[in-house]
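In what follows, a structure is listed as structure tokens, so that the remarks can point back to it.
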Amino acid sequence: MWDMDAARAALPVVLSGFGVTLLATVLGFAVAVVAGLGVALVQRSGARWIALPVGALASFVRSTPVMVQLFAAWVLVPGLDPLTLGVLVLGLHYATYLSEVYRAGIDAVPKGQWEACTALSLPRRRVWRAVVLPQAVRKVLPALGNYAVSMFKETPFLSVITVNEMVHEASTFGSTHFAYLESFTLAAAVFLLASWPTSVLVRRLEARLAH
């Protein structure tokens, strides 16, 4: 049965873990956004000597579970702070997906835009910075938002490398106070309250950009 006293005691513990979860999501997604764009640009660079191995590595990362990657990183880089390691692994894992999102956005830029830049003899760097990327990023913003929500919901995997995120804190509280129902219910409620409004905003943004 539900124990209100246990729930009141678990709430600050769960919220403390939520702070770590939120921090890991924000930092991890920042890594994913930057690294994903880098992967997409490398794969479009035309330099096969680097584009092919980067593409193969990205495919490998996408094809393996993030939990396995966390375990591998934990073993291979034992001296790194667990939260920092988790942020990097999550960020690089999602970067491989965002690179495909960026690629789709770049491919969606009208051919006439490229031709106009060529006709004006604009430097390649300026073409990407001032013409292509602003249009591509605008097109993929809803997809980026969806992946941010997805990363937020996968942060519990960080507990396997001892990061004290929200589900880890809920589990610890449940085991020490014999109150799994209360702690995990509160953790689920916090996940819902945080992710649902974000999903609604992403859908509204997608509808707005479609016009």
Side-chain angles (χ1 to χ4, degrees), residues 1-33 36 61-75 77-78 80-98 101 141-209:
M1 294 180 61
W2 182 267
D3 186 336
M4 187 57 70
D5 290 334
R8 281 194 291 265
L11 183 58
V13 176
V14 170
L15 291 179
S16 174
F18 173 70
V20 177
T21 291
L22 189 60
L23 179 63
T25 302
V26 171
L27 296 180
F29 198 69
V31 171
V33 166
V61 172
R62 280 196 301 270
S63 302
T64 54
V66 67
M67 183 178 289
V68 173
Q69 295 167 16
L70 286 166
F71 267 125
W74 180 249
V75 172
V77 194
L80 197 60
D81 172 68
L83 179 58
T84 302
L85 184 64
V87 164
L88 291 175
V89 172
L90 271 183
L92 295 176
H93 180 82
Y94 272 85
T96 62
Y97 292 97
L98 296 193
V101 173
L141 278 177
L144 295 181
N146 285 328
Y147 275 111
V149 174
S150 179
M151 178 184 287
F152 172 67
K153 292 187 292 186
E154 288 198 353
T155 53
F157 287 130
L158 297 179
S159 63
V160 303
I161 58 171
T162 72
V163 174
N164 296 326
E165 48 72 49
M166 185 163 55
V167 173
H168 180 274
E169 292 293 273
S171 178
T172 301
F173 182 90
S175 64
T176 55
H177 294 79
F178 304 101
Y180 285 107
L181 174 63
E182 292 78 10
S183 61
F184 278 115
T185 299
L186 288 173
V190 173
F191 268 116
L192 177 62
L193 291 174
S195 61
W196 182 73
T198 306
S199 299
V200 172
L201 289 175
V202 168
R203 287 197 296 269
R204 289 183 178 179
L205 177 63
E206 187 173 9
R208 183 175 180 179
L209 292 178

Test your reading of the model: is there a side-chain donor-acceptor pair from [X] to the backbone of [Y], 3.5 Å cut-off?
X     : Y     : value
Tyr97 : Arg62 : yes
Thr96 : His93 : yes
Thr25 : Thr21 : yes

Over all heavy atoms of both residues, which pair between [X] and [Y] is shortest? Give the atoms and the distance, please.
X      : Y      : result
Pro156 : Val167 : CG-CG2, 3.6 Å
Met67  : Val160 : CE-CG1, 3.9 Å
Val149 : Ser199 : CG1-OG, 3.9 Å
Ala179 : Ala6   : CB-CB, 3.9 Å
Ala170 : Ala187 : CB-CB, 4.1 Å
Val61  : Leu92  : CG1-O, 4.2 Å

#### Entry: Worked verdict on Val14 versus Val190 for side chain to side chain contact (heavy atoms under 4.5 Å, CB included)
CA-CA 8 Å; Val14 170; Val190 173; 4.2 Å; yes

### Task
Please step through side chain to side chain contact (heavy atoms under 4.5 Å, CB included) for the pair Leu98 and Phe29, ending with a clear verdict.
CA-CA 10 Å; Leu98 296 193; Phe29 198 69; 4.0 Å; yes

### Query
Hey, would you say the Phe191 and Phe152 ring centroids sit under 6.0 Å apart?
yes

Kindly compute the distance separating [atom1] ([X]) from [atom2] ([Y]), expressed to the nearest 0.5 Å.
X      : Y      : atom1 : atom2 : answer
Leu90  : Leu27  : CG    : CG    : 11.0 Å
His168 : Thr155 : NE2   : OG1   : 13.0 Å
Ser159 : Glu169 : OG    : CD    : 10.5 Å
Leu192 : Lys153 : CG    : NZ    : 10.0 Å
Gln69  : Leu88  : CD    : CG    : 12.5 Å
Leu158 : Leu83  : CG    : CG    : 7.5 Å

### Message
Classify the ring geometry of His177 against Phe173: parallel below 30°, tilted from 30° to 60°, perpendicular beyond 60°.
### Response
parallel

### Message
Between Tyr94 and Val66, does the side chain to side chain contact (heavy atoms under 4.5 Å, CB included) criterion hold? Intermediate values first, please.
### Response
CA-CA 9 Å; Tyr94 272 85; Val66 67; 5.9 Å; no

